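Step one of this worksheet: look at the structure below.
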Amino acid sequence: MIQRSVMADSHSSGSHVPVLLSFSVFSRPSSVALGSGHEVLLQKFVSVFGQQVDVQRKPVLQCFSEEWQQYVDVPKSFSVSDRCRLRLVPLHMDITTLGNLSPASTVFFCCDMQERFRPAIKYFGDIISVSQRLLQGARILGIPVVVSEQYPKGLGSTVQELDLTGAKLVFPKTKFSMVLPEVEAALAEIPGVRSVVLFGVETHVCIQQTALDLIGRGFEVHIVADATSSRSMMDRMFALERLARTGIIVTTSESVLLQLVADKEHPKFKEIQNIIKASAPESGLLSKV
C-alpha cells in the first residue's frame, strides 16, 4: 500500500495541499487541491515544468513511500490527501523512433562553437562550415536557435563565421550540458517543440551530455554528425556510436535540411537547395569506409 504522506510533521491546511514536484533533476514546491487525482496532477506537472513534460507519452506518476523509502508507482485511483512528494518519470523514447522533423516542432541547439577551440578540435573548419549551413537553414525556415558558450570569459565567444542573427537565446555556461533552467524556460515558450537538432563541440562531452539530458526529458534528439567533433577522433566516433544506441538519431546536415522542407514544392525549397548544392565536407567521418 502506498503511504501518501511523507512529511507527517506538516499537514494540509484549507482546501490545498503542499506538494514537492520532481521531474528529471529538478524539484519545485507547489500545491494542489485536496483530493487531486492522476489527471489533475499530470496537468500540474505540465504547468510547472512546461513543454518538456509530454503527457502524450504517458509518463509514470510516482509518490514517495515512507514504508519502502523510495518512489513507487501510483494507481490511477490515487488522490492527494496529505502533504507529499510526487515524481513524474518520462518514458524513454523507443529506439525504433522514426525521427520525423518539421519546422513547427523543431529547435536547433548550437553548442560551444568558440574561438579558443579552433586549434584543438579535429576538422574544426569543416564543423564551422556545416554549422553555417544549419544556421542559415534555421533562419530560412523560421526555426528557433539556442546557442551556448562554455565559460566565454576564458574561452572566447562564438566564432565570427557563425551568424547568430535572430537566435532565440545565446547564453554562457560552465556546466557541460546545455540543459539549464534558462534553456528549459526558452523551450517552454515554444509551443509544440518536440525535436532538437544538436551540433557543436565536443561530441563526447557537451554534445553527449546535452543529448542525454534532452532525451531524458522526452525530447527527440538529432545529432548532426558532420557538424560536431572533438579533440580526438576516437572520442568523437565512440560518442556517436554510444548515442545512436540510446535511440538518439545520428544524421547529417543535408538530411536534416531536406527532411525539414519535405517536398520540392515547399516555398523555401530553392533556398535550402542552394545551401546544399555543394556537398558538405566529410570531416574524417568516412575514414573507416
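Reckoned from all heavy atoms, side chains included, excluding hydrogens, waters and symmetry mates. Note that the structure is a prediction, hence the values are computed from the model and not measured.
- For Gln132 (side chain) and Glu161 (main-chain N/O), a donor-acceptor pair under 3.5 Å exists by modelled atom type.
- In this structure, Arg231 places its CZ atom where only 12 or fewer heavy-atom neighbours from other residues, nucleotides or ligands lie under 6.0 Å away.
- Crowding of Phe124 atom CZ: a count of heavy atoms from other residues, nucleotides or ligands under 6.0 Å exceeding 12.
- Salt-bridge annotation for Glu66 and Arg85: absent, with no side-chain N of the basic residue lying under 4.0 Å from a carboxylate O of the acidic one.
- Of the possible polar contacts, none joining the Thr106 side chain to the Pro103 backbone as a donor-acceptor pair under 3.5 Å is found.
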For Val107 and Val145, what are the C-alpha separation, side-chain angles and deciding distance, and is it a side chain to side chain contact (heavy atoms under 4.5 Å, CB included)? CA-CA 6 Å; Val107 62; Val145 176; over 6 Å; no
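- In the hydrophobic clustering of ILVMFWY residues, with side-chain heavy atoms under 4.5 Å counting as a link, Val201 and Val170 come out together.
- Here the closest heavy-atom approach between residue Ser79 and residue Gly35 is recorded as CB-O, 3.5 Å.
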Step-by-step side chain to side chain contact (heavy atoms under 4.5 Å, CB included) determination, Phe109 to Val197: CA-CA 6 Å; Phe109 274 28; Val197 172; over 6 Å; no
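- Of all non-hydrogen atoms in Val130 and Ala227, the two that sit nearest each other are CG1-CB, 3.7 Å.
- Ile190 and Leu260 fall into different hydrophobic clusters, where Ile, Leu, Val, Met, Phe, Trp and Tyr are joined by side-chain heavy atoms under 4.5 Å apart, directly or via other members.
- Taking 4.5 Å as the limit, some side-chain heavy atom of Leu198 sits within range of a side-chain heavy atom of Met178.
- Under the 4.5 Å side-chain heavy-atom criterion for ILVMFWY residues, no single connected hydrophobic cluster contains both Ile215 and Val205.
- Without hydrogens or angle criteria, Arg217 side chain to Asp213 main chain gives a donor-acceptor distance under 3.5 Å.
- The two residues Val250 and Ala225 make their nearest non-hydrogen contact at CG1-CB, 3.9 Å.
- To the nearest 0.5 Å, atoms CG (Asp226) and OG (Ser131) are separated by 9.0 Å.
- Between the side chain of Ser229 and the backbone N or O of Lys122, at least one donor-acceptor pair lies under 3.5 Å.
- No side-chain heavy atom of Phe108 sits under 4.5 Å from any side-chain heavy atom of Val146.
- Separation of atoms CZ (Phe199) and CD1 (Ile223) is listed at 12.0 Å; rounding is to 0.5 Å.
- Looking only at side-chain heavy atoms (C-beta outward), Glu202 and Asp235 stay at 4.5 Å or farther from each other.
- One hydrophobic cluster, built from ILVMFWY side chains closer than 4.5 Å, cannot hold both Val89 and Val40; they sit in different ones.
- When the shell of 6.0 Å around CD of Gln69 is examined, it contains more than 12 heavy atoms from other residues, nucleotides or ligands.
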Can you list the steps and then say if Val60 with Leu88 is a side chain to side chain contact (heavy atoms under 4.5 Å, CB included)? CA-CA 6 Å; Val60 176; Leu88 197 65; over 6 Å; no
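- With contacts defined as side-chain heavy-atom distances shorter than 4.5 Å, the pair Val32/Leu86 does not qualify.
- Using bins of under 30°, 30° to 60° and over 60° for the plane-to-plane angle, the ring pair Phe49/Phe23 lands in the tilted bin.
- Atom CD in Gln62 sits 11.5 Å away from atom CZ in Phe78 (nearest 0.5 Å).
- Of the charged side-chain nitrogens involved, at least one lies within less than 4.0 Å of a carboxylate oxygen, so that Glu189 and Lys168 count as a salt-bridged pair.
- Contact detail for Pro59 and Leu42: the closest heavy-atom pair is CG-CD2, 4.3 Å.
- Between Ile249 and Gly99, the closest heavy-atom pair is CD1-CA, 3.4 Å.
- Between the Lys173 side chain and the Phe176 main chain, a donor and an acceptor come within less than 3.5 Å of each other.
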Stepwise side chain to side chain contact (heavy atoms under 4.5 Å, CB included) check, Glu149 with Leu155: CA-CA 8 Å; Glu149 295 177 338; Leu155 298 174; over 6 Å; no
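- Annotation: the span from Ile143 atom CD1 to Leu257 atom CG amounts to 8.0 Å, rounded to 0.5 Å.
- Judged by distance alone, with hydrogens and angles left aside, the side-chain atoms of Arg139 form a donor-acceptor pair with the main-chain N or O of Asp163 at under 3.5 Å.
- The structure places OG of Ser232 at 10.5 Å from CZ of Arg236, a figure rounded to the nearest 0.5 Å.
- When atom types are taken as modelled, the side chain of Glu220 and the backbone of Arg194 share no donor-acceptor pair closer than 3.5 angstrom.
- For the pair Ser230 (side chain) and Thr203 (backbone), a donor-acceptor distance under 3.5 Å is present.
- Atoms OG1 and NE2, on Thr251 and His222 in that order, are 8.0 Å from each other to the nearest 0.5 Å.
- Val224 places a side-chain heavy atom less than 4.5 Å from the side chain of Leu134.
- Side-chain contact between Arg242 and Leu212 is present, with heavy atoms from C-beta onward closer than 4.5 Å.
- No chain of hydrophobic side-chain contacts below 4.5 Å, direct or via other Ile, Leu, Val, Met, Phe, Trp or Tyr residues, connects Leu141 to Leu187.
- Across every non-hydrogen atom of Ile207 and Cys111, the tightest pair is CD1-CB, 3.7 Å.
- For Arg28 (side chain) and Val48 (main-chain N/O), a donor-acceptor pair under 3.5 Å exists by modelled atom type.
- A donor atom on one side chain and an acceptor atom on the other are not found under 3.5 Å apart for Thr252 and Ser255.
- You'll find the side chain of Leu135 reaches within 4.5 Å of the side chain of Leu162, heavy atoms only.
- For the pairing with Ser148, the side-chain hydrogen bond (donor to acceptor under 3.5 Å, both in side chains) check across Thr210, Asp112, Thr158 returns one residue only, Asp112.
- Side-chain contact between Ile275 and Ile140 is present, with heavy atoms from C-beta onward closer than 4.5 Å.
- Remark: side-chain polar atoms of Thr228 are paired, donor with acceptor, to backbone N or O of Gly200 under 3.5 angstrom.
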